[in-house]
Amino acid sequence: MADGNRLFPAPRLILAALVAGVLAGAVAVYVSESGSGNNAPAHVAAGDGKDDAVCAAKADRAKKVAAAATGQVAALLPADPPQSLKSLAFNDPDGKPMTVADHAGKTLLLNLWATWCAPCRAEMPALDALQKEKGSDAFQVVAVNVDTGDDAKPKKFLGDIGIETLGYYRDSTMGLFNDVKKRGLALGLPVTMLIDGDGCLIAHMNGPAEWSSPDAKRLVEAALGPSD
């Protein structure tokens with residue numbers, strides 16, 4: 001997708017990201033089907049013990065990578081502190097249970113989306129384009145659909161808009177979203193997390209972004225760069 005044909009003009013995108021970060025009742029952005037409320041907790045939930053300690057030591061790395069988040073992805077925040085997300089669970093494209101730990105050694109852009117979330121729907125082509133251009137043995141976009149019910153609606157949506165490269169990851173239980181919310185990372189949808197090869201959260205964002213933009217590609221390159 002050419003940079004001149006962005007899904008969101010820059011001012012509108014920034015406004016949308018700000019709204020997604022501070023307004024708890026925004027229509028189509030915030031979770032209204034889970035019955036669990038819209039306000040993210042102020043604290044970070046207890047994580048994975050030893051793994052969290054390893055991740056916490058990456059605070060400087062998180063700040064360095066997040067500093068590369070400018071322009072179309074400027075709403076991305078450094079993890080404070082970085083924490084282990086190895087245990088986040090969802091189904092793989094074959095419908096089998098998996099966790100972030102199953103992607104060990106690969107940097108992930110983990111995105112949670114739903115068909116009833118208008119900003120989520122709008123950014124899917126950009127996520128697909130980012131995976132098509134930057135996806136490799138070192139980096140992958142993992143977009144997890146969190147619609148309740150069966151697969152028919154989300155699969156039809158992806159087919160209708162011509163998604164070609166994103167794998168169909170799924171969690172119909174809202175367990176994944178609620179786990180992320182308890183960790184203090186999610187206010188609603190979409191929510192996106194940049195996770196390194198050790199399963200450590202490096203940066204995160206509430207709200208949509210133009211993920212096929214040059215800004216997003218530079219961010220990926222920074223995340224894949226040297227750790228020191």
Side-chain angles (χ1 to χ4, degrees), residues 14 17-18 20-24 30-31 36-90 98-113 138-144 146 171 174-209 211 215-216 218-228:
I14 293 170
L18 289 173
V22 299
L23 295 180
Y30 289 93
V31 174
S36 59
N38 294 318
N39 295 319
H43 68 282
V44 174
D48 303 316
K50 184 177 179 180
D51 287 332
D52 274 339
V54 171
C55 294
K58 301 188 179 190
D60 288 343
R61 172 65 175 165
K63 291 177 183 177
K64 179 180 178 181
V65 172
T70 60
Q72 296 288 312
V73 293
L76 194 79
L77 301 174
D80 184 22
Q83 59 178 285
S84 177
L85 297 185
K86 283 183 177 181
S87 64
L88 292 185
F90 43 90
M98 69 175 306
T99 66
V100 166
D102 292 316
H103 289 279
K106 182 177 290 190
T107 295
L108 304 180
L109 191 74
L110 178 64
N111 175 275
L112 276 56
W113 69 280
F139 173 78
Q140 182 176 350
V141 177
V142 176
V144 184
V146 297
D171 175 47
M174 291 301 293
L176 174 60
F177 174 81
N178 287 327
D179 191 346
V180 172
K181 182 179 176 182
K182 288 176 183 177
R183 292 169 180 267
L185 302 175
L187 291 167
L189 295 175
V191 58
T192 305
M193 293 154 281
L194 185 63
I195 303 169
D196 74 6
D198 294 324
C200 298
L201 176 70
I202 297 300
H204 58 99
M205 176 191 296
N206 277 272
W211 291 109
D215 296 322
R218 282 191 292 268
L219 172 65
V220 171
E221 290 164 5
L224 294 176
S227 59
D228 49 34

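These numbers come from the heavy atoms of this one structure, side chains and all, not from hydrogens, waters or symmetry mates.
With Asp102 contributing its side chain and Thr99 its backbone, the two residues share a donor-acceptor pair below 3.5 Å. Between the side chain of Asn206 and the backbone N or O of Leu187 there is at least one donor-acceptor pair closer than 3.5 Å. No donor-acceptor pair under 3.5 Å is formed between the side chain of Arg218 and the backbone N or O of Thr70. Proximity of a side-chain donor or acceptor of Asp51 to a complementary backbone N or O of Cys55 within less than 3.5 Å is not detected.
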Set out, in order, the CA-CA distance, both residues' side-chain angles and the distance that settles side-chain contact (heavy atoms from CB on, under 4.5 Å) for Leu88 and Leu110, then state yes or no.
CA-CA 10 Å; Leu88 292 185; Leu110 178 64; 3.9 Å; yes

Test side chain to side chain donor-acceptor pair (under 3.5 Å) applied to Asp196 and Thr107, step by step
CA-CA 4 Å; Asp196 74 6; Thr107 295; over 6 Å; no

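Residues Asp171 and Phe177 fail the side-chain proximity criterion, which asks for heavy atoms closer than 4.5 Å. The shortest side-chain heavy-atom distance between Leu109 and Val220 does not fall under the 4.5 Å cut-off. Contact check for Val146 versus Met174: side-chain heavy atoms found under the 4.5 Å cut-off. Put simply, the side chain of Leu224 reaches to within 4.5 Å of the side chain of Phe139, judged on heavy atoms. A heavy-atom distance below 4.5 Å is not found between the side chains of Ile202 and Ile195. The side-chain heavy atoms of Phe90 and Val142, taken from C-beta on, include a pair separated by under 4.5 Å.
Rounding to the nearest 0.5 Å places CG of Leu185 at 10.5 Å from CG of Leu112. For the atom pair NE2 (His103) and NZ (Lys86), the distance works out to 14.0 Å, reported to the nearest 0.5 Å.
Salt bridge present: Arg183 and Asp179 bring a charged side-chain N and a carboxylate O closer than 4.0 Å. Here Lys58 pairs with Asp198 in a salt bridge; the nearest charged N to carboxylate O distance falls below 4.0 Å.
Listed here is the closest heavy atom pair of Asn111 and Pro190: ND2-CB, 4.2 Å. Pairing each heavy atom of Lys64 with each of Pro226, the nearest pair is NZ-O, 3.9 Å. Closest heavy-atom contact between Leu219 and Leu76: CD2-CD2, 3.5 Å. Across every non-hydrogen atom of Leu201 and Met193, the tightest pair is CD1-CB, 3.7 Å. Across all their heavy atoms, Val73 and Met205 have their closest contact at O-CE, 3.8 Å. Taking each heavy atom of Ala62 and Pro82 in turn, the nearest pair found is CB-CG, 4.0 Å.
Between the side chains of Asp52 and Ser84, no donor-acceptor pair of N or O atoms lies under 3.5 Å.
Applying the 6.0 Å contact sphere to NZ of Lys63 captures no more than 12 heavy atoms from other residues, nucleotides or ligands.
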